[in-house]
Amino acid sequence: MQSADSQETLARERFQAGRFEEALRLLDLAVAASPARAQLWNNRGTVLATLKRYEDAEESFRRALALDPNFAGALVNRAHVLMELARYPDAISDYERLLRANVWFPYARGNLIRAKLQCCDWQGLAEEWERALVEMRHGKPVIPPMVSAALPHSPEDQLQASRILTAAKYPPARMPLWPGVRGRHERIRIAYLSADFHAHATATLMAGVFEAHDKARFEITAISYGPDEDSPMRRRLMATFEHFLPVADKSDAEIAKLMREREIDIAVDLKG
């Protein structure tokens, strides 16, 4: 019989490989064997949140915090899930608690501002925003770019918010995926990447663009990491693209490798 430690290690490997249901099954076994370990409950909540099972994820984070009230990782994870559940006052409480324990916790202040905006809680909002802006201008990870874009300030500040996030989250690869060799094709290969190749506003707006491509000059591919639904729009798009590739079960690295193997010339991100 495997120990909770080995099950946790295997669950982490499955999670990193995008095999979320397997990771959850392993963590269920681990918490059954060691229910007093807060880290296991936190990990379980992370997997559940990735699967968009937010109510279940919130319960797991709550169990982790009951075992370890000072567990910052579980606290910020619960706050994020509460945002997804539109429980904004509860999320505000968690972000404020997080900042009391660690005033420099990455993006806690920016997410607190977002939670306040979501429920029209103006108390102290202007002061929080001014403080966050000063901290960001000093290079601190405090305002997520999507929060920055929703608030009135300069384009330079918005760029700074994006630079701070990308430097930490997307550092340059040690080995570039593309070696610099250009493929030679009779037609230009274009890949559109989106989670919205179904009954969605993006699809409604873009379907005509896809259909208008000159197929004699362009070979177009859809790379879909969204839901696989059976709708008239989905069928319309599948008939429009020469290649329609569902990749919801793949990691970002695997999707990038897939595009490289297909020698895509131009990749278009439809999710901004």
Side-chain angles (χ1 to χ4, degrees), residues 12-13 15-18 20 39 42-43 45-47 49-50 71-84 91 94-118 125 127-181 191-195 223 225 247-248 250-260 264-272:
R12 187 178 298 113
E13 292 173 357
F15 182 82
Q16 291 171 348
F20 305 125
Q39 182 65 57
N42 180 64
N43 291 350
T46 299
V47 176
T50 303
F71 193 166
L75 188 59
V76 71
N77 286 338
R78 184 173 71 175
H80 293 344
V81 163
L82 290 169
M83 289 291 290
E84 293 290 347
D94 275 0
Y95 287 128
E96 288 177 337
R97 178 177 161 190
L98 192 64
L99 286 165
R100 285 195 297 270
N102 181 354
V103 72
W104 299 119
F105 197 95
Y107 298 110
R109 194 171 305 283
N111 282 313
L112 170 62
I113 292 168
R114 178 183 169 221
K116 283 177 169 287
L117 288 171
Q118 289 292 117
L125 182 60
E127 292 80 4
E128 291 289 358
W129 171 233
E130 288 301 320
R131 179 170 182 175
L133 201 56
V134 170
E135 292 171 357
M136 187 192 71
R137 288 171 178 168
H138 283 85
K140 296 188 180 299
V142 59
I143 307 176
M146 291 301 288
V147 175
S148 173
L151 293 162
H153 60 108
S154 70
E156 291 78 15
D157 284 328
Q158 292 183 1
L159 179 60
Q160 172 74 343
S162 295
R163 281 175 168 163
I164 292 169
L165 178 78
T166 53
K169 194 171 182 180
Y170 306 108
R174 290 190 295 271
M175 292 291 292
L177 186 63
W178 181 52
V181 178
Y192 290 94
L193 295 89
S194 182
I223 297 181
Y225 51 89
V247 295
K250 297 185 183 300
S251 67
D252 290 351
E254 289 171 328
I255 294 169
K257 183 173 182 289
L258 176 66
M259 287 195 291
R260 182 67 254 139
I264 298 298
D265 297 309
I266 301 171
V268 182
D269 176 11
L270 295 178
K271 291 297 291 180

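Since the structure is predicted, the reported quantities are computational estimates derived from the model, not experimental observations.
- Between S194 and L270, the shortest heavy-atom contact is CB-CB, 3.8 Å.
- Here OG1 of T46 is found 10.5 Å from CZ of R12. Values are rounded to the nearest 0.5 Å.
- Note on E128 versus K116: no salt bridge recorded, every NZ/NE/NH1/NH2 to OD/OE distance being 4.0 Å or above.
- A distance of 3.5 Å separates CZ in R114 from CE in M83, rounded to the nearest 0.5 Å.
- No more than 12 heavy atoms of other residues, nucleotides or ligands lie within 6.0 Å of CG in D252, so this atom counts as exposed by the packing criterion.
- Two residues are said to be in side-chain contact when any heavy atoms from C-beta on lie closer than 4.5 Å; N43 and F15 fail this criterion.
- Every residue was checked against the ring pair (Phe, Tyr, Trp, His ring centres under 6.0 Å) condition with Y225, not counting sequence neighbours, and none meets it.
- Contact record, Y107 with P144: CD2-N, 3.5 Å, taken as the closest heavy-atom pair.
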- Task: Could you check R131 against V142 for side-chain contact (heavy atoms from CB on, under 4.5 Å), going step by step and ending with a plain yes or no?
- Result: CA-CA 10 Å; R131 179 170 182 175; V142 59; over 6 Å; no

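- Residues R109 and W104 are not in side-chain contact: their nearest non-hydrogen atoms beyond the backbone lie 4.5 Å or more apart.
- Surrounding CZ of R260 are more than 12 heavy atoms belonging to other residues, nucleotides or ligands, all under 6.0 Å away.
- When side chains are defined from C-beta on, E96 counts as touching L112, because their heavy atoms get closer than 4.5 Å.
- To the nearest 0.5 Å, atom CD of residue Q160 and atom CZ of residue R163 are 7.0 Å apart.
- Remark: L82 CG to H80 NE2 distance equals 10.5 Å, nearest 0.5 Å.
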- Message: I'd like to know whether D157 forms a side-chain contact (heavy atoms from CB on, under 4.5 Å) with R137, so could you lay out the CA-CA distance, the side-chain angles of the two residues, the decisive distance to 0.1 Å, and finally the verdict.
- Response: CA-CA 7 Å; D157 284 328; R137 288 171 178 168; 2.7 Å; yes

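- Minimum heavy-atom separation, A161 to I143: CB-O, 3.7 Å.
- Residues V247 and E254 form no side-chain contact, since every pair of their non-hydrogen atoms from C-beta on lies 4.5 Å or further apart.
- In terms of the ring pair (Phe, Tyr, Trp, His ring centres under 6.0 Å) criterion, F105 has no residue partners (sequence neighbours excluded).
- Looking at every heavy atom in both residues, H138 comes nearest to V134 through ND1-O, 2.9 Å.
- Taking each heavy atom of A267 and M259 in turn, the nearest pair found is CB-SD, 4.0 Å.
- How far CD1 of I113 is from CG of L133: 9.0 Å, rounded to the nearest 0.5 Å.
- Looking at every heavy atom in both residues, A74 comes nearest to N42 through CA-OD1, 3.2 Å.
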